[in-house]
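All residue numbers in this chain count up from 1 along the given sequence.
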Amino acid sequence: MIDRIKNSISKFIQNRILQHILFWMTSFYVLVQFFAFEDEISDIDIVYTLLFHISLVFGVYLNTAVLIQLFLKKEKYVLYFIGLIVLWYVTAIINQFTFEKLSDIIVPDYFFISSYEIDDLLKFSLVYIALSTLLKLSKSWFQVLETEKELETLKRAQAETELKALKSNINPHFLFNNLTSLYGLARKKADETPEYILKLSALMRYMIYDTKDKLVPLNKELDYIVNYLELQKLRCDKTTRIKYEIRGELNSHQIVPFLLIPFIENSFKHGGMNQNDTNIIDLSIKIEEESLEMQLKNSIPIKAGREIGGMGGFGIENVKSRLQLFYQDQYSLDLSQNKEEFSVSLKLNLNLK
């Protein structure tokens, strides 16, 4: 019901001819009642009201079509104010001219004199010019709201597309690497093989079935991360030290899916998977009340001759855009790098509606 009303208002705002017809019909009805000498509306009342509207139409449209377009919309407020004062007086003068001169030409069968002094006419012109400005601004405001709504819809559709692209980017690459590791374990008949298969199955189940909604339970997202890290422990050699700590209440919160994992994947890409004497992945996630704080560090390979592009890539850029879309000013992200390590500091408000 509310959406239907909003759509009707939106259609009305976009129909300029209907707006103008309704505005002047309402104006005519109010003024003809105001000007009538008796309870019953006569022909002379109608003619007088029509003549009275000539100056009002001039003032309203000169304001909306010229002054607002040339000055107000371009933020030339002083010029608009000066133009408004001139138009205010000119509109009142045109009203006097209409009844003293123009009425004899338009309706020669009637004799009119202006019933109002210039001070009273200034009041009429002020009301109509001010009202036209307010209506024009309110229309622009509604149009801005509609544009923002459409933009928000497009952004969310883009975010969903990027999430699907991110998932499709994760699945084949990640699955291929882990199947290769699983093959190696199976050939060695390692005891870790069944556990490895279960963790890999849990990861794939989460990626395929549990991330279709805008928000997912925080504990499931973090379970995914833990399983990912445990699989990486099996894949990495002994020179890589993987440390992680997760603290706080998890069960009562939700989070946008795949928000943290690209940073962690990035740390393995540029740290844990490199042939380095001291490969280090250090992850800390802390949940306090309505906030989540993640601190992530990974070592940089000693043999890296120049700065590695570890802060970008499709996954990281995807996360940045999704953070901005869903959390807006409710998060902070700091990516930094020195000669020895990359670090990520992410804080976000979990109270996302």
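Using modelled atom types and a 3.5 Å distance limit, the side chains of E230 and Q232 yield no donor-acceptor pair. Side-chain atoms of H20 and Y61 include a donor-acceptor pair closer than 3.5 Å. S299 and E341 share no donor-acceptor pair across their side chains, judged by distance under 3.5 Å alone. Judged purely by distance below 3.5 Å, without hydrogens or angles, the side chains of Y128 and S27 pair a donor atom with an acceptor atom. No donor-acceptor contact under 3.5 angstrom links the side chains of T98 and N95, judged on distance only.
Proximity of I280 to K297: side-chain heavy atoms (C-beta onward) are nowhere separated by under 4.5 Å. The side-chain heavy atoms of L348 and L259, taken from C-beta on, include a pair separated by under 4.5 Å. By the 4.5 Å heavy-atom criterion applied to side chains, L50 and V32 are not counted as neighbours. Here the side chains of Y244 and K233 are in contact, with some heavy-atom distance below 4.5 Å. Between Y228 and I261 the shortest side-chain heavy-atom distance falls below 4.5 Å. No side-chain heavy atom of E340 sits less than 4.5 Å from a side-chain heavy atom of I300.
For the side-chain hydrogen bond (donor to acceptor under 3.5 Å, both in side chains) test with N349, the passing option among Q330, E290, Q328, E289 is Q330; the others fail.
Hydrophobic cluster membership of M25, counting Ile, Leu, Val, Met, Phe, Trp and Tyr whose side-chain heavy atoms lie under 4.5 Å apart directly or via other members: I17, I21.
Note that the CZ atom of R241 and the CG atom of D282 stand 6.0 Å from one another [nearest 0.5 Å]. Here CG of L283 is found 6.0 Å from CG of L229. Values are rounded to the nearest 0.5 Å. Distance CG/N351 to CD/Q254: 10.5 Å, rounded to 0.5 Å. A distance of 10.5 Å separates CD in E245 from CD1 in I285, rounded to the nearest 0.5 Å. Put simply, CG on N63 and OH on Y80 are 4.0 Å apart, with the number rounded to the nearest 0.5 Å. One finds the CE atom of M294 at 8.0 Å from the CG atom of L333 (value rounded to the nearest 0.5 Å).
A distance-only check finds no donor-acceptor pair linking the side chain of S291 to the backbone of I287 [under 3.5 Å]. No donor-acceptor pair closer than 3.5 Å links the side chain of T49 to the backbone N or O of F28. Proximity of a side-chain donor or acceptor of D45 to a complementary backbone N or O of S42 within less than 3.5 Å is detected. Here the side chain of S125 pairs a donor or acceptor atom with the backbone of W88 at under 3.5 angstrom. The closest donor-acceptor contact from the side chain of R322 to the backbone of F258 lies under 3.5 Å. Looking only at distances, a side-chain donor or acceptor of Y327 sits under 3.5 Å from a matching main-chain atom of V256. Counting only distance, with no hydrogens or angles, the side chain of E75 and the backbone of Y77 share no donor-acceptor pair below 3.5 Å.
Using cut-offs of 30° and 60° on the angle between ring planes, the pair F52 and F99 is tilted.
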Quiz prompt | side-chain contact (heavy atoms from CB on, under 4.5 Å) between L31 and F124, intermediate numbers included | solution = CA-CA 11 Å; L31 289 186; F124 277 103; 4.0 Å; yes
